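Down below is the structure, laid out as structure tokens.
Note that the coordinates shown come from a computational prediction; the quantities given were computed from them, not determined experimentally.
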Amino acid sequence: MKKVLFLTMMLLCGITVTMAQKPAEIKFDKVTHNFGKFSEKNPVVSCVFSFTNVGESPLVVNQAVASCGCTVPEYTKTPVKPGESGEIKVTYNGTGKFPGHFKKSITVRTNGAVEMTRLYIEGDMEGSEAKSEE
């Protein structure tokens with residue numbers, strides 16, 4: 001009987017400790033970046049999205065996936081301790097794409113309280129006016 005009571009008390013203590021610990025929480029400085037206008041002659045542009053773990057547990061970025069192959073995210077792979085920062089670098093490559101406005105999304109999945117966040121990049125790639133003299 002004493003063993004059953006002891007095990008029940010230990011289980012309750014374990015559940016209480018687990019419930020009291022708050023999860024990781026990601027907070028981005030910004031979720032949208034506008035590249036503005038850039039030339040088709042230099043079609044590769046990059047930006048960095050900085051984030052902070054404002055939770056009380058280590059934050060792990062499980063994946064960052066872009067909406068198309070022309071956008072490549074690179075992210076902090078190691079756990080980010082509470083109060084510390086990390087970053088997601090996003091590179092857009094407009095090579096072979098039609099000039100004009102674009103808007104792409106990057107889906108970020110974490111172990112945080114909010115498991116999914118979307119980041120956005122946009123800009124206007126201007127065509128290179130090839131002037132031929134005849």
Side-chain angles (χ1 to χ4, degrees):
M1 181 68 170
K2 288 182 182 179
K3 285 184 179 181
V4 172
L5 184 60
F6 178 73
L7 288 174
T8 304
M9 290 299 290
M10 291 300 290
L11 181 63
L12 284 173
C13 288
I15 291 172
T16 304
V17 169
T18 303
M19 299 287 280
Q21 190 176 28
K22 293 185 180 178
E25 187 176 344
I26 193 167
K27 182 172 192 240
F28 283 94
D29 293 345
K30 61 181 179 177
V31 292
T32 302
H33 179 82
N34 190 332
F35 291 109
K37 294 181 181 183
F38 60 95
S39 173
E40 185 179 26
K41 292 178 183 175
N42 297 312
V44 180
V45 289
S46 296
C47 68
V48 174
F49 291 94
S50 297
F51 64 86
T52 304
N53 179 2
V54 295
E56 295 182 8
S57 298
L59 175 76
V60 177
V61 176
N62 296 319
Q63 68 179 176
V65 180
S67 58
C68 76
C70 59
T71 305
V72 178
E74 299 173 43
Y75 56 93
T76 304
K77 302 272 196 280
T78 57
V80 179
K81 294 178 183 173
E84 292 187 356
S85 298
E87 61 183 33
I88 298 176
K89 180 182 179 187
V90 178
T91 303
Y92 172 78
N93 186 346
T95 303
K97 303 290 180 195
F98 288 108
H101 185 79
F102 69 89
K103 185 169 186 175
K104 306 294 178 184
S105 67
I106 298 90
T107 303
V108 179
R109 296 191 185 278
T110 70
N111 69 329
V114 176
E115 294 177 0
M116 186 186 83
T117 305
R118 281 219 168 82
L119 306 174
Y120 297 94
I121 59 168
E122 64 181 310
D124 291 295
M125 185 168 70
E126 296 181 323
S128 56
E129 284 77 28
K131 295 181 181 178
S132 60
E133 296 182 26
E134 296 178 28

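Taking CD1 of Ile121 as the start and NZ of Lys103 as the end, the distance is 11.0 Å to the nearest 0.5 Å. Once rounded to the nearest 0.5 Å, the distance linking OG of Ser67 with CD1 of Ile106 reads 6.5 Å.
Phe98 belongs to no hydrophobic cluster with other residues, because no ILVMFWY side-chain heavy atom falls under 4.5 Å from its own, directly or through intermediates.
Residues passing the ring pair (Phe, Tyr, Trp, His ring centres under 6.0 Å) test with Tyr120, sequence neighbours excluded: none. Take Tyr92 and apply the ring pair (Phe, Tyr, Trp, His ring centres under 6.0 Å) test, not counting sequence neighbours, and it matches Phe102. Looking at residues two or more places apart in sequence or on another chain, you find a side chain to side chain contact (heavy atoms under 4.5 Å, CB included) between Lys27 and Val54. Applying the side chain to side chain donor-acceptor pair (under 3.5 Å) criterion to Lys104, with sequence neighbours excluded, gives no partner residue. Checked against side chain to side chain donor-acceptor pair (under 3.5 Å), Thr91 has the following partners two or more places apart in sequence or in another chain: Ser46. Not a single side chain to side chain donor-acceptor pair (under 3.5 Å) links Asp29 to another residue, sequence neighbours left out. For Ser39, the side chain to side chain donor-acceptor pair (under 3.5 Å) test picks out no residue, with sequence neighbours left out. For Glu122, the salt bridge (Lys or Arg N to Asp or Glu O under 4.0 Å) criterion is met by no residue, not counting sequence neighbours.
Contact record, Pro58 with Ala24: O-CB, 3.5 Å, taken as the closest heavy-atom pair. What you find for Pro23 and Ala113 is that their closest heavy atoms are CG-CB, 3.9 Å. Residues Phe49 and Lys30 come closest through the heavy atom pair CD2-O, 3.4 Å. Nearest heavy-atom pair, Met125 versus Pro43, reported as atom, atom and distance to 0.1 Å: SD-CB, 4.1 Å.
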Can you give the donor-acceptor pairs under 3.5 Å from side chains of residues 68-78 to other protein atoms, not counting sequence neighbours?
{"unit_1": "Tyr75", "atom_1": "OH", "unit_2": "Asn62", "atom_2": "O", "d": "3.3"}
{"unit_1": "Thr76", "atom_1": "OG1", "unit_2": "Glu87", "atom_2": "N", "d": "3.1"}
{"unit_1": "Thr76", "atom_1": "OG1", "unit_2": "Glu87", "atom_2": "O", "d": "3.3"}

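Screening residues 106-119 for side chain to side chain donor-acceptor pair (under 3.5 Å), with sequence neighbours left out, gives Gln63-Arg109, Thr107-Arg118. Applying the salt bridge (Lys or Arg N to Asp or Glu O under 4.0 Å) rule to pairs touching residues 32-55 yields Lys37-Glu126, sequence neighbours excluded.
Grouping the Ile, Leu, Val, Met, Phe, Trp and Tyr side chains by contacts below 4.5 angstrom, directly or via other members, places Val65 apart from Leu119. There is no path of hydrophobic side-chain contacts, each under 4.5 Å, that joins Ile26 to Val60.
Within the 4.5 Å cutoff, the side chain of Phe51 has heavy atoms near those of the Val80 side chain.
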